[in-house]
Number of protein chains: 2
Amino acid sequence: MTTRAYNFCAGPAALPEEVLKQAQAELLDWQGRGLSVMEMSHRSDEFVAIAETAEQDLRDLMQVPDNYKVLFVQGGASQQFAQIPLNFLPEDGVADYVDTGIWSKKAIDEARRFGNINVAASARAQDYFAIPGQNDWQLSKGAAYLHYCTNETIGGLQFDWVPQTGDVPLITDMSSDILSRPVDVSQFGMIYAGAQKNIGPSGLVVVIVREDLLGRARSSCPTMLDYKVAADNGSMFNTPACFSWYLSGLVFKWLKAQGGVEAMARVNHEKQRRLYEYIDSSELYNNPVSRSARSWMNVPFTLADAALDKVFLSGAEERRLLNLKGHRSVGGMRASIYNAVPLEAIDALIDYMKAFEKEHG
Amino acid sequence: MTTRAYNFCAGPAALPEEVLKQAQAELLDWQGRGLSVMEMSHRSDEFVAIAETAEQDLRDLMQVPDNYKVLFVQGGASQQFAQIPLNFLPEDGVADYVDTGIWSKKAIDEARRFGNINVAASARAQDYFAIPGQNDWQLSKGAAYLHYCTNETIGGLQFDWVPQTGDVPLITDMSSDILSRPVDVSQFGMIYAGAQKNIGPSGLVVVIVREDLLGRARSSCPTMLDYKVAADNGSMFNTPACFSWYLSGLVFKWLKAQGGVEAMARVNHEKQRRLYEYIDSSELYNNPVSRSARSWMNVPFTLADAALDKVFLSGAEERRLLNLKGHRSVGGMRASIYNAVPLEAIDALIDYMKAFEKEHG
């Protein structure tokens, strides 16, 4: 009998139950070697195989071209916000950033500490409920790169298109929608993602970076923040986050077993379709994001009467529907429905929302 | 029946079996909440309690004074090597460093990228087999701090005394001997330690820093590398390495149950005493480190005939004595005997070494 709840947490987020079960089974004794993955030298044959298999499975899942390096590093996306200008923005250069919400804004604020940043577009005029079309963007001449966030975890705003910037490398924060649907990696200079939403446990960041962009770090860039150092050392310049790497590898295997990213995209499409459709049909619930920019991964919604929020949340917890409280900066509710959240969880959530509306609507 | 081997890995290193068993038992369902620790928001009441309890237990174990902050951060000691000058070395200042081996040398090399570094003392003249006494150190006037490494994991060289530097803050890399014996924290400006030896899984660094040293970071210091930002945000400026933090907390509880650091020191004293005594009595094995500087945690030793190394290692593996191969820069063998390696493991190792000597000596 499972005691597992449905977990709608924005991150660290739900992991596939099969993955946790395998990790549990081999936690004290990995494949008969007499020790845990957590107790292995990162330079042992065993762990190197775990690490390389994880990388290859991710490459397979995302069809990463051979001229891209895949890195497994630490510090979260927030550390990337500094690493990106330190690696790619010359001191006298300019970089373009698109502001679509809290996370892209954080990237902008940190980058400004290291150079000249042009906000090429902002969703502020639309209250962050829609993404400005590229025709309205003010791109810089000779920008070192353009940075944007594919999916704003807090606002629930997601690009369903890829900006076109010619020779200017696209750098994108895919923390909350990587592996949720197919992406053409070759359109990007660099993709990065904190693991704790669609990949694995927190404390790990996946970076997919085009090789020709490496080797440009400023002399003031700490060694550990230089992507080339990580790339040249197979992400083992020092001890990596071994257990998170291992567990992410189990998630990649699970994704392959589900049919890969295309299969996940079909399920994810259906999950968000059912949830938004119900929200739009209801009198009690509301999602303000324009339809074409609605996130498949994070669905914020408000109740017509905010006084009902607490009642809604405690009723949800009774039904084992966890972590539906919206981000403190937005209020209301948020259902994060990443890959590891099954369709049944969405149906259970909708059932509860319907029953709650009937009683309180 | 346990299938666990004796694990002498230098890091990631052995963890207490009781800790792994508890983590295993609650891996899918932490205390009946229906989700794994890996799936909890770091801002949830549950995880905040886990994090705060871990911090308090570490404070208890090390008797950390109230005017010190305890941080749980990422990036390994290698990232600290940059953070230290970025936080504490003014651009026109000088910092003193002591070179006792590979890890303190790495700290020196990275710090030199950010300012004026004086190597106040080096063990090079003694082939890194002894630590120069403080009378022979060349300290700078007005140094911003003095950095040293209490225990060189690779060379097996450990300070059994604390340098006296008056008002100059002592900063020390305690990655491989933290919690192995009592330390008077008040003698230090900052102590840091990668978790993967004596604390928990890799991907976590514990920093214990005196509050008055915070707030001096350079303007060019990435936000994530500023200790004050970590301190002001309870190490949750962004998502921390939650699972490693949790597991480290279980290790702290285990240490308390063993009787704390004093009790560990008694066991560790006996472990190293038995091993060095046997090595010194043997004709086949040799440890070149001067007795007062021998590490309690990492015992490198060579065989009189290096051609026997492979035979020794494969025989050890047959007896489930794992990871005894010396670091590639040193060769020979190394037994890392951290807190989680029990006295029985040392006895089993000595038994094997004796049998091997009888056959091959």
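In what follows, chains carry the letters A, B, and so on, assigned in the order in which the sequence lines appear, proteins first and then strands, with residues in each chain numbered from 1. What's counted below: heavy atoms across the whole structure, side chains too, no hydrogens, waters or symmetry copies. Predicted model, so just to flag it, every value in this text is computed and none were measured.
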Inset, instruction - Side-chain contact test, heavy atoms from C-beta onward, threshold under 4.5 Å: evaluate it for Met38(A) versus Phe243(B) and give yes or no. - result: yes
Legend entry - Contacting region of Ala25(B) [heavy-atom separation from chain A under 4.5 Å]: backbone
Inset, instruction - Below 4.5 Å from any heavy atom of chain A, which atoms of Ser219(B) appear? Answer side chain, backbone, both or neither. - result: backbone
Inset, instruction - Could you tell me which of Pro201(A), Gly76(A), Ala14(A), Gly75(A) has the largest number of non-hydrogen atom pairs under 4.5 Å with chain B? - result: Gly75(A)
Legend entry - Test side chain to side chain contact (heavy atoms under 4.5 Å, CB included) applied to Met224(A) and Glu110(B), step by step: CA-CA 10 Å; Met224(A) 283 291 296; Glu110(B) 182 73 3; over 6 Å; no
Legend entry - Contact leader toward chain A among Gly11(B), Gly34(B), Pro222(B), where contacts are heavy-atom pairs under 4.5 Å: Gly34(B)
Inset, instruction - Supply the atom-to-atom distance Asn7(A) CG to Arg33(B) CZ, rounded to the nearest 0.5 angstrom. - result: 13.0 Å
Inset, instruction - Calculate, to the nearest 0.5 Å, the distance between atoms CG and CG belonging to Leu20(B) and Leu28(A) respectively. - result: 4.5 Å
Legend entry - Pair Cys9(B)-Ser41(A), side chain to side chain contact (heavy atoms under 4.5 Å, CB included): steps then yes or no: CA-CA 7 Å; Cys9(B) 193; Ser41(A) 169; 3.5 Å; yes
Inset, instruction - Would you give the length of the straight line joining atom CZ of Arg113(A) to atom OG of Ser220(B), rounded to the nearest 0.5 angstrom? - result: 8.0 Å
Legend entry - Top contributor to chain A contacts, counting heavy-atom pairs under 4.5 Å, from Leu225(B), Thr223(B), Leu322(B): Thr223(B)
Inset, instruction - For residues Glu39(A) and Pro12(B), determine if any side-chain heavy atom of one lies less than 4.5 Å from a side-chain heavy atom of the other. - result: no
Legend entry - Ala13(B) versus chain A, the contacting section by heavy-atom distance below 4.5 Å: backbone
Inset, instruction - With a 4.5 angstrom heavy-atom cut-off, could you sort out which part of Lys106(A) is near chain B: side chain, backbone, both or neither? - result: neither
Legend entry - Spacing of CD belonging to Gln22(B) relative to CG belonging to Leu27(A), to within rounding of 0.5 Å: 11.5 Å
Legend entry - Gap between atom CD of Gln24(B) and atom CG of Asp29(A) - 0.5 Å precision: 10.0 Å
Legend entry - Contact listing (chain A partner; residues 79-92 of chain B; heavy atom under 4.5 Å): Gln79(B), Ala82(B), Leu86(B)
Legend entry - Those residues of residues 232-242 of chain A, ordered by number, that approach chain B below 4.5 Å (heavy atom to heavy atom): Phe237(A), Asn238(A), Thr239(A), Pro240(A), Ala241(A), Cys242(A)
Legend entry - Separation of Ser44(B) OG from Lys325(A) NZ (nearest 0.5 Å): 11.5 Å
